[in-house]
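This report concerns only the one structure given below.
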Amino acid sequence: MRDEGGHAGVAASCRPITDILTRVGDKWSVMVVILLGNGTKRFNEMRRLIGGISQRMLTLTLRGLERDGLVTRTVFPTVPPRVDYTLTDLGRSLLIPISALGAWAHGHRDAIDAARLAFDARADANAAPDRQAS
């Protein structure tokens, strides 16, 4: 039996990888991993340092990272309870590819911006005759 792409079993073998990349590739997870790469943080400290993230999204992100074994959550029996988040060894190993991807993005930002401008200009030029006909 062949998959849509023409290769037997490709889609099935990609599912586990896609699931992992969905977790580690979303912007909030990347930001949390990078932030925790600098050391243990508390919830509200992370929320302050990551601009634009809601309390609910940070909670969901941390739970997902904890579930995947990338972050540990330590609760201290104080009043109010203190909760610290730290990268696991697995989470620290993720810093290497994330840092490489970040460096690549930073180094190619100008070329990507130029490509986007050129694409948008071509798209606008192609759409212009349609607008005139309306």
Point to revise | Closest contact, heavy atoms only, Arg42 versus Asp84 | key: CG-OD1, 3.2 Å
Practice item. Might you work through the side chain to side chain contact (heavy atoms under 4.5 Å, CB included) test for Arg116 and Phe119, ending with a clear yes or no? Key: CA-CA 5 Å; Arg116 287 176 178 173; Phe119 179 91; 5.7 Å; no
Practice item. May I ask you to check whether Thr72 and Thr88 show a side-chain donor-acceptor distance below 3.5 Å? Key: no
**Study point:** Distance (rounded to the nearest 0.5 Å) between Arg92 CZ and Asp89 CG
**Key:** 4.5 Å
Point to revise | Worked check of side chain to side chain contact (heavy atoms under 4.5 Å, CB included) between Leu87 and Leu95 | key: CA-CA 10 Å; Leu87 288 178; Leu95 284 169; 3.8 Å; yes
Practice item. Establish whether Val33 and Leu49 are linked, either directly or via other cluster members, by ILVMFWY side-chain heavy-atom contacts under 4.5 Å. Key: yes
Exercise for review: Assess whether atom CZ of Arg63 is packed by more than 12 heavy atoms of other residues, nucleotides or ligands within 6.0 Å.
Suggested key: no
Review point. Is Val71 linked to Leu60 within one hydrophobic cluster, defined over Ile, Leu, Val, Met, Phe, Trp and Tyr using a side-chain heavy-atom separation of less than 4.5 Å?
Key: no
Practice item. Please check if the side chain of Asp26 supplies one atom and the backbone of Trp28 the other of a donor-acceptor pair under 3.5 Å. Key: yes
Point to revise | Leu36 vs Met46 side-chain heavy atoms within contact, under 4.5 Å | key: yes
Check your understanding: Side-chain contact, heavy-atom cut-off 4.5 Å: Glu66 with Leu70?
Key -> no
**Study point:** Sidechain-backbone polar pair: Thr18 side chain, Cys14 backbone, donor-acceptor under 3.5 Å
**Key:** yes
Exercise for review: Following the transitive rule for hydrophobic clusters with a side-chain heavy-atom cut-off under 4.5 Å over Ile, Leu, Val, Met, Phe, Trp and Tyr, establish whether Ile96 and Val32 coincide in one cluster.
Suggested key: no
Practice item. Would you kindly confirm whether Leu21 and Leu94 end up in one hydrophobic cluster when ILVMFWY residues are joined by side chain heavy atoms under 4.5 Å apart? Key: yes
Review point. Given Ile50, which of Glu45, Met31, Lys27 fulfils the side-chain contact (heavy atoms from CB on, under 4.5 Å) condition?
Key: Met31
Point to revise | Pairs flagged by ring-ring contact (aromatic ring centres under 6.0 Å, His included) wherever residues 52-110 is involved - sequence neighbours left out | key: Trp104-His108
Review point. Does the side chain of Thr74 reach to within under 4.5 Å of the side chain of Thr40, using non-hydrogen atoms?
Key: no
**Study point:** In one Ile/Leu/Val/Met/Phe/Trp/Tyr side-chain cluster, 4.5 Å: Leu90, Leu101
**Key:** no
Revision key, fill the gap. Scanning both residues in full, the closest heavy-atom pair of Arg73 with Val83 reads CG-CG1, 3.6 Å
